[in-house]
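A quick write-up on the structure given underneath.
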Protein chains: 2
Amino acid sequence: MVTDPIGRRERKRLATHHALRVAALRLGAERGIRDVTVEEIATAADVSVRTFYDHFPSKEDAIIGFDAWRVDQLRDALASRPADETPLEALRVVMGQLFRESSEEWPLRMRAISADPALIGRMFVSFITYERALVEVIAERTGLDPERDPYPALVTAVATAAFRASMTTARASGGALDPATTFDAAIARLRPAFNPTVDGSGRAPC
Amino acid sequence: MVTDPIGRRERKRLATHHALRVAALRLGAERGIRDVTVEEIATAADVSVRTFYDHFPSKEDAIIGFDAWRVDQLRDALASRPADETPLEALRVVMGQLFRESSEEWPLRMRAISADPALIGRMFVSFITYERALVEVIAERTGLDPERDPYPALVTAVATAAFRASMTTARASGGALDPATTFDAAIARLRPAFNPTVDGSGRAPC
DNA sequence: CCGATTCACTGCACGATGTGCAATTAGTTC
DNA sequence: GAACTAATTGCACATCGTGCAGTGAATCGG
């Protein structure tokens with residue numbers, strides 16, 4: 001058996017982190033996050049209120065599941081996509097992965113989010129952070145200046161829109177539609193708007 | 001001179017409302033809304049803190065400028081667009097109008113928003129409310145069931161994405177780009193993805 | 001014109017949020 | 001085992017957001 005390189009201290013911290021997230025997701029999905037206090041979440045995870053705030057800046061963030069390290073992970077994943085892939089296609093692969101990892105949390109998360117519009121806003125706060133990193137990579141891939149050309153910001157915002165609409169529709173269908181599949185279909189529909197040009201930059205000829 | 005049908009009481013209320021919004025926009029653009037307290041905004045508008053909360057549920061809402069009556073206004077505007085207009089085109093006209101009215105507030109608003117990611121989230125809280133109403137109308141126009149077909153949610157989310165990306169790019173360009181114009185251009189680019197008739201050329205009109 | 005009513009504004013109280021600070025305890029390093 | 005590091009905790013405090021009741025001005029009905 002290979003010894004795990006992370007020690008007991010780190011393992012306990014991750015356990016606390018996970019317990020808080022699970023408690024927040026469960027309580028939030030059950031009763032709506034507005035009717036849940038931080039004290040209840042902390043008690044359910046058997047830690048103090050102050051410890052909760054050492055792991056998450058707010059109860060909403062515990063639901064959304066934003067982690068700073070994911071930004072780098074997402075940026076690296078996008079940067080390592082094949083250079084001949086269109087930006088929209090690269091975003092499809094990278095963002096679609098979000099639905100696949102920790103997929104068991106998504107039903108609870110979508111249930112909690114649909115119960116409180118404020119959570120959708122908070123979700124976008126994290127998406128904005130993702131987007132800023134992704135726009136950088138897209139700009140580098142296409143050689144466009146994001147301060148002068150709307151393309152990088154637009155294609156990224158549109159991919160995020162597809163992600164969000166997929167969540168909404170999958171949730172509204174009551175499980176009949178799978179969010180990951182719906183997301184792929186949405187991107188497929190949007191493909192004509194971002195047709196690649198001869199130079200392979202992915203920029204439409206306008 | 002035609003007598004204004006609204007009385008003095010209502011006029012004073014609107015004046016208070018406007019004073020609070022202007023104070024919030026100015027202070028938020030200057031120092032970032034996080035460093036501004038509700039007490040400061042209320043003092044700047046010469047009312048009590050409690051009165052502020054009678055007009056806005058939070059200081060972020062005072063910046064964003066969400067008003068419930070706009071939802072109906074937006075829904076009616078969309079519903080009264082010509083039936084032969086594509087949903088995307090109808091959304092372009094209706095949402096583009098948001099940039100044009102109270103246009104003098106947009107620079108301050110964009111400045112305040114860009115200074116605080118949480119405001120972007122709050123902006124989406126209001127957009128979600130708009131979207132839900134718009135999705136209804138789109139579903140009615142197209143005869144699609146929004147719980148089974150992703151189209152209404154997708155085209156609306158994409159239009160919102162274009163709106164947001166236009167704000168971002170216009171702000172990043174430092175005034176070189178006009179948000180309303182950039183928005184129209186973004187919608188034009190997205191047109192081929194939502195064109196009901198597959199055009200032989202496969203190219204969007206430029 | 002005058003009494004009754006409505007409503008914007010106000011102060012007060014209170015639970016909840018989010019953060020700085022210092023102490024404790026357990027894990028890690030040398 | 002001693003020194004160090006970091007997760008957890010309690011406490012204090014500013015701020016947020018809301019319920020409630022009171023006041024005064026605007027409006028309405030006679």
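So that the names make sense, note that chain A is the first sequence line, chain B the second, and so on, each numbered from 1. Not measured: the values here are computed from a predicted model.
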Do A:I113 and A:I64 have side chains that get closer than 4.5 Å, going by heavy atoms? yes
Within-4.5 Å side-chain heavy-atom neighbours: A:R191 and A:E89: yes
Which atoms form the tightest heavy-atom contact between A:L78 and A:A90, and what is the distance? CD1-CB, 3.6 Å
State, to 0.1 Å, how close A:F183 and A:R92 come at their nearest heavy-atom pair, and which atoms those are. CE2-O, 3.4 Å
Figure out the [atom1]/[atom2] separation between [X] and [N], and round it to whole Å.
| X | N | atom1 | atom2 | result |
| --- | --- | --- | --- | --- |
| A:H18 | D:dA7 | NE2 | C1' | 19 Å |
| B:R122 | D:dC16 | CZ | C1' | 11 Å |
| A:R11 | C:dT28 | CZ | C1' | 13 Å |
| B:D35 | D:dT15 | CG | P | 11 Å |
| B:K59 | C:dG18 | NZ | C1' | 12 Å |
| B:E60 | D:dG17 | CD | C1' | 11 Å |

At less than 4.0 Å, is any side-chain N or O atom of A:R13 found next to OP1 or OP2 of D:dT8? Yes or no. yes
Numerically ordered, the residues 41-57 of chain A set in heavy-atom contact under 4.0 Å with DNA chain D is A:V47, A:S48, A:R50, A:T51, A:D54, A:H55
So, B:K59 side chain and B:V36 main chain: donor-acceptor pair closer than 3.5 Å or not? yes
Please check if the side chain of B:S173 supplies one atom and the backbone of B:A170 the other of a donor-acceptor pair under 3.5 Å. yes
What string of B, S and - do you get for nucleotides 25-30 of chain D 5' to 3' if you count protein non-hydrogen atoms under 4.0 Å? BBS---
Whichever of B:T16 and B:R34 has the more 5' nearest nucleotide on DNA chain C, that residue is B:T16
Under 4.0 Å between a side-chain nitrogen and a carboxylate oxygen: does that hold for A:R31 and A:E40? yes
Under 3.5 Å, is there a donor on one side chain and an acceptor on the other for A:T51 and A:D54? no
May I ask you to check whether B:S58 and B:R122 show a side-chain donor-acceptor distance below 3.5 Å? yes
